[in-house]
> 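One structure is given below, represented as structure tokens, and several questions about it will come after.
What you are looking at is a predicted structure, and each value in this text was computed from that prediction instead of being measured.
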Amino acid sequence: MLKARLLATALPVGLAGGAIITAIVLAEAGFVGVALATPLQLILLGVALCASHERGVRLPLNPVSVPLSLLWLWMGLSVFLSPVQYVSLMGFFLVGSLPLAFWLYTWLPDPERFWRGLVAGLTALALMLALISIYQSLLAHSPPKSLFVQQNTNAAFLNLVAVPLSAYFLVRAPVERLTSRVILSALTLFCLYSAIAMTLSRGGLLGFWAAIAVLVLSAVRRVPVRYPAIVMVLAFVAFGLANLQTGGVLTDRFESAMGSMQVMLDPNDAGDASIQQRSVIWHASAELLRDAPWYGLGPSTFGLAYPAYSPVEDLSSLQYVHNDYLQFWIELGYPGVLLLLWLGLSVVWMYLAVLRSKDVADEKRMEVTGLFAGMLAVAAHSFFDYNFYILAILIPLGFMLGRFAALACAPDATVWYARPSVILGNKAFYALVVIALMFPVSLLASYSAMEHFYVKGKEALIAGDLGAAEQSLNRAEQLFDTSDIQYARALLYMEAIRALPQRNDARRQEFYDMASVALERAKVMNPFESNAEFGRAMLYQDNPELSGEKWVERANEAYKTTLAMDPRHYPARLSYARLLAARGEKTEALQLLEAGLAYRFPNDPQILPYARYLAQLRREQGDVKGSERIEQQVRAWEEWWRNAAAKMYFSAH
């Protein structure tokens, strides 16, 4: 009995919860978070498949499972069509975590018991995140983003949990009356609602109220009116107090969200700055969409291709469209966006079928409504953000979709059972499952280890320890090769050339050729990689005797290509300006640096040499006041970075 409970509840909930928590804690680690969280899902997949050896692997054919599985399959095929396959492979693991979680719920031996445990765990996790958010807003006076990178993601996660919990409250409160459990549930909802309000996330606010409206309207006919009224009162009080705490900013944010569509359609229309930013990104992304192939660029490749299309007005990180549906269209092409549309319409159709059915109990109908409303909140929010690219959102969303499909399907829905263990035998089936899962798990582990050695290699390269850098980069390349590794390897060889005496021509030529090969490999692995062209330009510029008579023309062409691919590549602008100035073209060099000021550069201390050289060129061209303005800005930046470094040091010690 204990073993059965462990297999049905504790182990699955622990693995699923561990994957979600890992995704939250490592949200800023990029694909490393995916590489560490996804293996927990895959281990759970192995547990589910091995536990199904007697009854067979359940394969329901319903309006959700079919388009979702086809979308998952298309993501996998898109990896092979992508020009940057290693990035798309990791993107497949990222976005594919949603269908994986859906099938995990379907294949678990006791999904009902697993769901109860998962809801309890998600409730505790969301409450902890909500309390952290409230502390950040009220006491720390910092953005209420909890453990996430930004508050919009925090709002989406809390919506995903709070809305279904509201449905469970409406189901249980009339039965249990005013018990301590009901009071505790109401207080939990109030904390979650308050934290959502304090995020000031426009998309999150719209998604929340749309979901609550659906939930309350559905509940009015099925539970006593006072209980939906309690939910509404809790929401209005929470938002009212948050509005007072923010000095009315919450009301302004909500009003601007309601009237934002005109600004979205016209980037030149006056309006809130962040809304205008989304409009700018959408219009530039539409240009990229027109140039993308019909089958898309591949999962998670938008941020690689977009810098070439990003206008001066774009102040974003250049990684997301801030509209998941448009980004899906760019990355997965027409098949991907049509399959996503099919999936969304299927969910709506199944929900409406549950509402119309007279054979569905009110308790089940309310749970289906809560799940639908929770997914609706995230889906609506995703028109303005990138929730479908956040692992901590995708995993619980996939489990919710699995629960929704299980409840909303008709009793006579078609279900197939695959019984490979009957043919293979139990031991052979277990071995097959383990072997099949070892490949993706080892691949993800290799990626995580690669990042470790890649970072060590870069640090050693910066420190000038070329031997240690080469050793770390070799290990990183053996584990999981990327264009970044090849670019770092090229820099390593270029540093080795500088360290050699001028008379050692044979050795210098060898390192030169090795750097050229590494840069070419980087370009092949990632055609969007501007650093490969930048490295080529530096190689020509630093080694004219090895680059041939036309090294200047070749360097000029490489710099122009770099800036066409990424106009914000300020190291390339600086190096190109130095090349122009060295050849007597100081006016052109100044114009090149001045043009770069129009763009938003990254928050990086390495921008200081750029600014100092710009000040020098201004002074040489007679613009003394302009030079002094830049020098004053440099001093302000230096002071800011010194303070930031001091804060980091004291917080670490």
> Of the non-hydrogen atoms in P440 and L42, which two are nearest, and what is the gap between them?
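For P440 versus L42, the nearest heavy atoms are CB-CD1, 3.8 Å.
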> For the CG atom of L36 and the CZ atom of F31, what is their distance to the nearest 0.5 Å?
13.5 Å
> Are the charged groups of R290 and E287 less than 4.0 angstrom apart, N to O?
yes
> Measure the acute angle between the ring planes of Y493 and F511, then classify it against the limits of 30° and 60° as parallel, tilted or perpendicular.
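The arrangement is parallel - the two ring planes meet at less than 30°.
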> Given 3.5 Å as the limit, does a donor-acceptor pair link the side chain of R202 with the main chain of N152, or not?
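Checking the backbone N and O of N152 against the side chain of R202, no donor-acceptor pair under 3.5 Å is found.
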> Ion pair present between D385 and R278, side-chain N to carboxylate O less than 4.0 angstrom?
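Yes, D385 and R278 are salt-bridged.
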> So does E557 pair up with R554, basic N to acidic O under 4.0 Å?
no
> Are any of the side-chain heavy atoms of S310 and R568 separated by less than 4.5 Å?
yes
> Just by modelled atom types, is the L326 backbone N or O under 3.5 Å from a matching donor or acceptor in the N323 side chain?
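Yes, because the side chain of N323 sits within donor-acceptor range (under 3.5 Å) of the backbone of L326.
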> Show me the donor-acceptor pairs within less than 3.5 Å that the side chains of residues 474-486 make with the rest of the protein, sequence neighbours left out.
| from | atom 1 | to | atom 2 | distance (Å) |
| --- | --- | --- | --- | --- |
| N474 | OD1 | R489 | NH1 | 3.0 |
| N474 | OD1 | R489 | NH2 | 2.6 |
| N474 | ND2 | E470 | O | 3.2 |
| E477 | OE1 | R489 | NE | 3.1 |
| E477 | OE1 | R489 | NH2 | 2.6 |
| E477 | OE2 | Q486 | NE2 | 3.4 |
| E477 | OE2 | R521 | NH1 | 3.2 |
| D481 | OD1 | Q486 | NE2 | 3.1 |
| D481 | OD2 | Q486 | NE2 | 3.2 |
| D481 | OD2 | R521 | NH2 | 2.7 |
| T482 | OG1 | D484 | N | 3.4 |
| T482 | OG1 | I485 | N | 3.3 |
| S483 | OG | Y86 | OH | 2.7 |

> Under the side chain to side chain contact (heavy atoms under 4.5 Å, CB included) criterion, do D542 and I497 qualify, and how do the steps go?
CA-CA 9 Å; D542 292 348; I497 294 174; over 6 Å; no
> Could you check whether E510 pairs with R507 (Lys NZ or Arg NE/NH1/NH2 to Asp/Glu carboxylate O, under 4.0 Å)?
yes
> Between Y454 and L473, is a side chain to side chain contact (heavy atoms under 4.5 Å, CB included) present by the stated rule, with each step listed?
CA-CA 6 Å; Y454 171 61; L473 291 175; 4.1 Å; yes
> Kindly determine whether N387 and L397 satisfy side chain to side chain contact (heavy atoms under 4.5 Å, CB included), including the steps that lead there.
CA-CA 10 Å; N387 297 315; L397 187 61; over 6 Å; no
> Is a side-chain N or O of T562 found less than 3.5 angstrom from the main chain of F534, in a donor-acceptor match?
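Side chain of T562 to backbone of F534, a donor-acceptor pair under 3.5 Å: yes, one is there.
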> Mark yes or no for whether S472, through its side chain, and A469, through its backbone, hold a donor-acceptor pair below 3.5 Å.
no
> Can you check whether K523's main-chain N or O pairs, donor with acceptor, with E529's side chain at less than 3.5 Å?
no
> Are S382 and Y325 packed together at the side-chain level, in the sense that at least one heavy-atom pair is separated by less than 4.5 angstrom?
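Result yes, sub-4.5 Å side-chain heavy-atom pair found.
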> First locate atom CE of M90, then atom OG1 of T38, and finally report the distance between them rounded to the nearest 0.5 Å.
7.0 Å
> For a 4.5 angstrom cut-off between non-hydrogen side-chain atoms, does Y487 reach L519?
yes
> Centres of the Y386 and H322 rings: under 6.0 Å?
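Between H322 and Y386, which both carry aromatic rings, the centre distance is below 6.0 Å.
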> If every non-hydrogen atom of Y610 is compared with every non-hydrogen atom of G596, which pair is closest and at what distance?
OH-CA, 3.4 Å
> Give, for atom CG of L94 and atom CE of M75, the distance between the pair rounded to the nearest 0.5 Å.
9.5 Å
> From the options Q541, R536, R573, select the one residue that forms a side-chain hydrogen bond (donor to acceptor under 3.5 Å, both in side chains) with Y559.
Q541
> For the atom pair CG (L297) and CG (D291), what is the distance rounded to the nearest 0.5 Å?
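Here the interatomic distance stands at 9.5 Å.
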> For residues L332 and L340, determine if any side-chain heavy atom of one lies less than 4.5 Å from a side-chain heavy atom of the other.
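Counting from C-beta outward, L332 and L340 never come under 4.5 Å.
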> Side chains of D314 and Y306, heavy atoms from C-beta outward: is any pair under 4.5 Å?
yes
> Decide salt bridge (Lys or Arg N to Asp or Glu O under 4.0 Å) for E459 and K456; before the verdict, give the C-alpha distance in whole Å, the side-chain angles of both, and the deciding distance to 0.1 Å.
CA-CA 5 Å; E459 291 173 348; K456 284 187 62 177; over 6 Å; no
> Give me the one residue out of R618, R612, R619 that meets salt bridge (Lys or Arg N to Asp or Glu O under 4.0 Å) with E631.
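Only match with E631 under salt bridge (Lys or Arg N to Asp or Glu O under 4.0 Å): R619.
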> How long is the span from the OG atom in S627 to the NZ atom in K625, to the nearest 0.5 Å?
13.0 Å
> Please report the shortest heavy-atom distance between P299 and G91, naming the atom on each side.
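Taking every non-hydrogen atom into account, CB-C, 3.9 Å.
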> Using the ring pair (Phe, Tyr, Trp, His ring centres under 6.0 Å) criterion, which residues pair with Y295? Sequence neighbours excluded.
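Result, ring pair (Phe, Tyr, Trp, His ring centres under 6.0 Å) vs Y295: none returned.
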> Under a plain distance cut-off of 3.5 Å, with no hydrogens placed, do D513 and Q509 share a side-chain donor-acceptor pair?
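D513 and Q509 do have a side-chain donor-acceptor pair below 3.5 Å.
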> Side-chain contact test, heavy atoms from C-beta onward, threshold under 4.5 Å: evaluate it for H569 versus N531 and give yes or no.
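They are in side-chain contact.
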> Is the F157 ring parallel, tilted or perpendicular to the F148 ring (thresholds 30°, 60°)?
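Ring orientation, 0 to 90° scale: tilted.
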> Under 4.0 Å between a Lys/Arg side-chain N and an Asp/Glu carboxylate O for K560 and E533?
no
> Under 4.5 Å between any side-chain heavy atoms of H381 and S201, yes or no?
yes
> With side chain to side chain contact (heavy atoms under 4.5 Å, CB included) as the criterion, how do D324 and Y389 come out once you've worked through the C-alpha distance, each side chain's angles and the decisive distance to 0.1 Å?
CA-CA 8 Å; D324 282 337; Y389 292 84; 3.4 Å; yes
> Output yes when a side-chain donor or acceptor of Q277 lies under 3.5 Å from a complementary backbone atom of L315, and no otherwise.
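Present.
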> So which atom in V32 and which in S448 form the shortest heavy-atom distance, rounded to 0.1 Å?
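Closest heavy-atom pair between V32 and S448: CG1-OG, 4.4 Å.
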> Which heavy atom in S547 sits nearest to a heavy atom in L539, and how many Å separate them?
OG-O, 3.8 Å
> Could you tell me the separation between the CG atom of L391 and the CG atom of L98, rounded to the nearest 0.5 Å?
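The distance works out to 10.5 Å.
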> Which pair of heavy atoms, one from Q151 and one from T199, lies closest together, and at what distance?
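For Q151 versus T199, the nearest heavy atoms are CG-O, 3.4 Å.
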> Between S300 and S88 (side chain of the first, backbone of the second, donor and acceptor by atom type, cut-off under 3.5 Å), is there such a pair?
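No.
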> Determine whether L614 and L597 make a side-chain contact, defined as any pair of heavy atoms from C-beta on separated by less than 4.5 Å.
yes
> Given the rule in the side-chain hydrogen bond (donor to acceptor under 3.5 Å, both in side chains) test, do Q150 and T153 qualify, once you have shown the distances and angles that lead to the verdict?
CA-CA 6 Å; Q150 44 109 15; T153 306; 2.9 Å; yes
> List for me each residue that meets ring pair (Phe, Tyr, Trp, His ring centres under 6.0 Å) alongside W74, sequence neighbours excluded, and say none if there are none.
none
> We want to know whether E620 and Q616 form a side-chain donor-acceptor pair, criterion being a heavy-atom distance below 3.5 angstrom.
yes
> State whether the side chain of S82 and the backbone N or O of S78 hold a donor-acceptor pair below 3.5 Å, judged by distance alone.
no
